[in-house]
Structure formats: structure tokens, C-alpha cells
Amino acid sequence: MIWEKKSQEEIKDIVFKALQNNVNYDKENILGLPASYLDNKVFYQDSTFLKEAPFISTMVQNPNHIGCHTLGKSESFFSGTQQIEKELIEICAVDILKGEPQQQDGYVASGGTEANIQAIWIYRNYYMSEFNAKADEIAIVCSDDSHYSMDKAANLLLLNVFKAAVDNDTREISVESINQAIAQAKAAGKKYFIVVCNMMTTMFGSVDKVEDYVAAFSNSGCEYKIHVDGAYGGFFYPFSEEQSTLTFANPNITSFTLDAHKMAQAPYGTGIFLIRKGFINYANTQQASYVEGEDYTLIGSRSGANAIAVWMILMKNGPYAWHEKVFILLKRAEWVCEQLSQLNIEYYRHPKSNIITIKSKYISEELAHNFGLVPDNHHEPHWHKIVVMEHVTIEKLSLLMEQLKQKA
Ligand SMILES: *Cc1c(COP(=O)(O)O)cnc(C)c1O
């Protein structure tokens with residue numbers, strides 16, 4: 001366990017020491033980088049409050065975390081803060097997702113979209129270089145409730161997507177619905193599969209049974225790799241479901257996406273990509289010759305302050321407070337479900353999730369607008385969701401319940 005709660009003083013100490021190990025544009029002669037501190041006419045470095053503010057200080061010093069820091073060499077100019085990102089990746093892979101120490105690579109991507117595309121890009125190249133596969137023999141398989149980033153990835157990487165149907169009420173895929181997707185793909189000449197398994201979907205919070213994918217694909221006789229999309233659920237489900245099989249302890253899974261900018265309340269630009277060692281090299285761009293250590297990521301230059309923010313959030317809370325936070329949100333979600341059941345309002349909720357998705361026939365346009373309820377489809381809504389975040393208190397939820405009661 002390297003994830004241990006730290007005091008504000010300890011956190012400050014570690015971040016400021018890391019910044020000291022980065023390049024100092026004022027004191028050293030650094031003539032060759034297209035980089036500097038943020039424009040000091042706008043962002044003053046000597047402001048006294050910065051001494052108490054490690055994250056803002058990092059933003060102002062603006063380290064570049066270009067590349068991947070869990071393998072080989074990286075840009076030595078920013079090695080201080082890159083070391084903290086490396087520790088953050090290890091916490092996510094080992095302490096949260098039960099990987100073996102030092103056996104995963106990863107980086108802080110711009111978001112879940114990039115992390116999912118990165119995974120699919122890696123597996124596409126893996127099939128092309130290890131199996132001599134042609135792009136049109138490789139397909140993505142996910143579910144009808146998967147995020148649209150899989151469609152983006154398919155479009156960019158010239159792959160087709162085949163989606164397993166979900167049950168309208170349980171939101172579950174099944175071995176049969178996966179088999180149907182595989183049959184369609186095979187009929188279209190596909191032989192190599194990139195499977196994306198949901199660890200909490202965006203609209204429903206539903207969780208795919210990875211065992212269903214494994215069962216269907218082991219019978220198919222085809223090559224497959226499983227990526228888990230935990231963009232929404234990555235900082236929630238591993239805490240709400242202790243028995244989760246969506247971890248690195250499951251040998252069928254090769255990679256994960258986790259977004260810190262959703263449930264972890266980190267700044268935007270903090271999608272976390274994690275993959276078992278031995279795979280990220282399929283995304284290596286050797287032509288990135290001016291970058292020390294080359295580039296194994298999709299994005300290129302990226303802000304080191306983002307990694308520092310996520311690390312600080314995890315360290316300030318520690319694992320026990322994180323469990324407590326998740327527990328409280330689950331309790332509130334249960335409260336909502338009890339209220340809805342009493343009113344005979346139909347909804348979906350996965351028992352380990354903080355999303356409650358209500359059938360739209362119970363939700364007027366006015367109610368959705370007044371309470372910021374988000375529809376599955378803005379043109380023709382079937383469902384509206386409540387996401388129980390930290391600010392979504394029982395006090396606020398009960399105002400919605402009062403309105404629903406009056407309509408019922
Ligand atoms: C939000 C989300 C994404 C996309 O993440 P961004 O950070 O918005 O790019 C992907 N998958 C799921 C399940 C999500 O909820």
C-alpha cells in the first residue's frame with residue numbers, strides 16, 4: 001500500500017520539493033525549450049499566497065509531462081513532478097485496481113475519451129504487428145450503453161464497432177447478445193477483437209459482467225483483448241464493490257480508463273490510462289525524436305499540474321476517507337430509490353452505483369430543467385438521470401421528491 005493519507009504540510013513539502021527538482025527558468029540558463037513559466041504579467045510568481053498553494057504554484061511553473069513516465073527515460077527538465085505522476089499511476093494501478101507492484105504503465109490523459117482511444121489504438125497496432133492483421137479484420141465490441149468515445153475511436157482508427165444489445169430494464173448485456181455481435185462481426189470478415197467492458201456507464205451507472213465477454217469470446221476462437229472503461233466508475237466502483245472482478249487481479253483484463261475529473265473532483269484534463277507492462281510500446285512514436293525517452297501517448301504536451309492535482313486529492317483523503325465518501329453517496333442513492341419506489345416511479349439503479357436513472361414519462365420538461373436532470377437523448381428522451389455527487393445532498397434531493405409527490 002503506497003496510498004496513505006498525508007497532512008497538508010506533508011503534501012506541500014513533497015510538491016514544493018518536486019518543483020525544485022524541475023528546471024528553474026530564472027536561475028539556470030535554459031535556452032532550448034519552447035516552454036517557460038506562465039506569463040508573469042498575468043500570473044505573478046511572488047504572490048505570498050502561492051507559498052501555501054502547491055497546486056497553483058505548479059500551474060504557474062507549468063511543467064510539461066509529455067510522454068509516459070512509467071517506463072524508460074522522460075524529459076529530465078521536469079523529472080521532479082513527473083516522479084509524482086509515476087506514484088499516482090502506481091496508486092491507481094496497485095492500490096485501487098489490485099495490480100502487482102511495478103507491473104503496469106500509464107499516464108494522465110486529457111480525459112476518458114483519450115484514454116479509451118489510446119487503448120484501442122494500442123490493441124489495433126498489437127494485432128497489426130503481432131498477427132499481421134489488416135485494419136478491416138479488427139473490430140471493437142462494446143455495448144449499446146457504452147460511451148460514444150468508442151465510436152470516435154472507430155472513426156479515427158478506421159475500425160468497425162459491433163455493439164451487444166442491453167436489456168431495456170436491467171441494462172445488462174448477455175452472453176447471447178455478445179454472441180450476436182460477434183456473429184455479425186465475423187460475417188463482416190472480422191477476426192481480431194478489441195472489447196470494451198463498462199465499469200459504470202455514463203447514463204445508467206450499469207456495470208458489465210466481464211465474465212460474459214470472456215465466455216462469449218473464448219467460445220469464438222478469435223483473438224481478443226479487454227479494456228475496461230471506468231471513466232465514470234473508476235474512482236467509485238472499486239470502493240463500492242469489494243468483490244469486483246474488474247481489476248488487474250483478473251488476468252482477462254489488460255487495461256483501464258479512470259477519469260479523475262468525474263467522481264474524484266479533479267480539474268478537467270485528468271483521464272487516467274493504465275495498461276499491463278508490455279503493451280504501451282505498440283503506441284510508441286519513434287519519430288518523436290526531440291522528446292527525451294520518446295512518446296508512448298496520444299496527446300503530446302500536457303500539464304504536469306493535472307497529475308499533481310489528482311495526487312493531492314488522493315493523498316489528502318487517504319483510502320479510508322475515500323471509502324467513507326463513496327459510502328455516503330451510496331446511502332443517499334439508496335434514499336432516493338426508497339422514495340421513488342414509494343411513489344411507484346420506475347427507475348434503474350445498479351446496487352453499487354450513485355446514478356439513478358428515471359423513466360422520462362415521470363419527468364416533465366420543467367422538472368428536468370429546474371433540477372438539472374440530464375436526458376439520455378435531447379431530441380427524444382426515454383430516461384433522465386440523477387447523479388449523486390458530493391453537492392447533491394438529501395436536502396436538495398428532497399425538493400425534487402416533493403415535486404414528484406405532487407405530480408404522482
Ligand atoms: C465521461 C465518460 C467517458 C469520456 O470521458 P471524457 O473525460 O469526457 O473524455 C468515457 N466513458 C465513460 C463511461 C464516461 O462516463
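Just so it is clear, the values below take in all heavy atoms, side chains as well, and ignore hydrogens, waters and symmetry mates. For reference, positions follow the sequence shown, starting with 1. Both counts, for ligands and for their atoms, begin at 1 and track the order of listing.
A salt bridge does not link D136 with K134: every distance from a Lys NZ or Arg NE/NH1/NH2 to an Asp or Glu carboxylate oxygen is 4.0 Å or more. A salt bridge between E85 and R302 is present, with a side-chain N of the basic residue lying under 4.0 Å from a carboxylate O of the acidic one. Between E294 and K73 there is no salt bridge, since no side-chain N of the basic residue sits under 4.0 Å from a carboxylate O of the acidic one. K12 has a carboxylate O that lies under 4.0 Å from a charged side-chain N of E52, or vice versa, which qualifies the two as a salt bridge.
Among protein heavy atoms, atom 5 (O) of ligand 1 sits closest to D259 OD2, 3.2 Å. In terms of protein heavy atoms, atom 9 (O) of ligand 1 is closest to T113 OG1, 2.6 Å. Looking only at protein heavy atoms, the nearest one to atom 11 (N) of ligand 1 is D229 OD2, 2.6 Å.
Side-chain polar atoms of Q118 and T297 form no donor-acceptor pair below 3.5 angstrom.
Counting the atoms of ligand 1 from 1 in the order shown, those under 4.0 Å from a heavy atom of T202 are 12 (C), 13 (C), 14 (C), 15 (O). For ligand 1 and H261, the ligand atoms under 4.0 Å from any heavy atom of the residue are 7 (O). Those atoms of ligand 1 that come under 4.0 Å of a heavy atom in G111, given as number and element, are 7 (O), 9 (O).
With a heavy-atom cut-off of 4.0 Å, N116 touches ligand 1 through its side chain alone. For K262, every heavy-atom contact with ligand 1 shorter than 4.0 Å involves the side chain, none the backbone.
With distances taken over non-hydrogen atoms, the option nearest atom 3 (C) of ligand 1 out of M263, M150, M199, H147 is H147.
Where the criterion is an N or O separation shorter than 3.5 Å, residue side chain and backbone included, N198 fails it with respect to ligand 1. Ligand 1 has no nitrogen or oxygen under 3.5 angstrom from a nitrogen or oxygen of A231.
Ring centers of F217 and Y224: under 6.0 Å apart, within the cut-off. Proximity of the aromatic rings of F273 and F256 is defined here by a centroid distance below 6.0 angstrom, and this criterion is not met.
Cation-pi geometry between R171 and Y348 is not met at under 6.0 angstrom from the ring centre and within 45 degrees of the axis.
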